[in-house]
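Structure, as structure tokens:
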Amino acid sequence: MGISTSLATYWYFHLPNFVLAALMYTMLGRVLLGLMVDADSPNYIWRFFCRITDPVVAAVAIVTPKVTPPVVVWLFGFVWLFWLRVALHYTLLLLNLAPRFGGAAS
């Protein structure tokens with residue numbers, strides 16, 4: 001099975017996985033960039049990272065104590081997105097809907 005065939009066949013796995021991965025790594029970028037710039041910086045890259053990851057931060061902040069520093073909330077967001085990707089893959093594997101490696105054993 002070719003790559004294009006796999007992408008077309010398993011779009012319901014690849015599309016959410018890609019979106020979650022992009023959010024996850026953007027969240028990590030926000031953590032690293034947050035160590036170097038101020039929270040109210042006019043830097044367009046910082047504003048982009050904030051705009052993209054603010055919905056995730058808001059969701060994580062609901063269940064996180066208010067005294068938690070923002071950088072810790074951002075790291076929790078990264079971890080939650082990682083486990084959401086794992087849960088997606090595991091669920092699709094259980095339902096026999098996830099792509100599998102081809103080979104002699106399969």
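Hydrogens, waters and symmetry mates play no part in the numbers below; they use all other heavy atoms, side chains included. Note that this is a predicted model, so its numbers are computed, not measured.
Judged as a salt bridge (Lys or Arg N to Asp or Glu O under 4.0 Å), not a single pair has a partner in residues 56-81 (not counting sequence neighbours). Residue pairs meeting the salt bridge (Lys or Arg N to Asp or Glu O under 4.0 Å) criterion with at least one member in residues 32-58, sequence neighbours excluded, are R30-D54. Residue pairs meeting the ring-ring contact (aromatic ring centres under 6.0 Å, His included) criterion with at least one member in residues 19-41: none, sequence neighbours excluded.
Looking at every heavy atom in both residues, W11 comes nearest to P16 through O-CD, 3.8 Å.
Here CG of L23 is found 8.0 Å from OG1 of T53. Values are rounded to the nearest 0.5 Å. Between atom CH2 of residue W74 and atom CG of residue L32 there is a gap of 10.5 Å, rounded to the nearest 0.5 Å. For the atom pair OG1 (T9) and NE2 (H14), the distance works out to 8.5 Å, reported to the nearest 0.5 Å. To the nearest 0.5 Å, atom CG of residue L33 and atom CZ of residue F48 are 11.5 Å apart. Rounding to the nearest 0.5 Å places CZ of F49 at 9.0 Å from CG of L28.
Not counting sequence neighbours, the partners of H89 by the ring-ring contact (aromatic ring centres under 6.0 Å, His included) test are F13.
Residue V60 is tested with V72, V73, L75 for a side-chain contact (heavy atoms from CB on, under 4.5 Å); the sole match is V73.
A donor-acceptor contact shorter than 3.5 Å links the side chain of W46 to the backbone of A39.
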Sequence neighbours excluded and cut-off under 3.5 Å, please list the side-chain donor-acceptor pairs for residues 78-87, or say none.
unit_1, atom_1, unit_2, atom_2, d
R85, NE, N17, OD1, 2.8
R85, NH2, N17, OD1, 3.2

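In this structure, F18 places its CZ atom where only 12 or fewer heavy-atom neighbours from other residues, nucleotides or ligands lie under 6.0 Å away.
Applying the 4.5 Å side-chain rule to ILVMFWY residues, one finds Y90 in the same cluster as L94.
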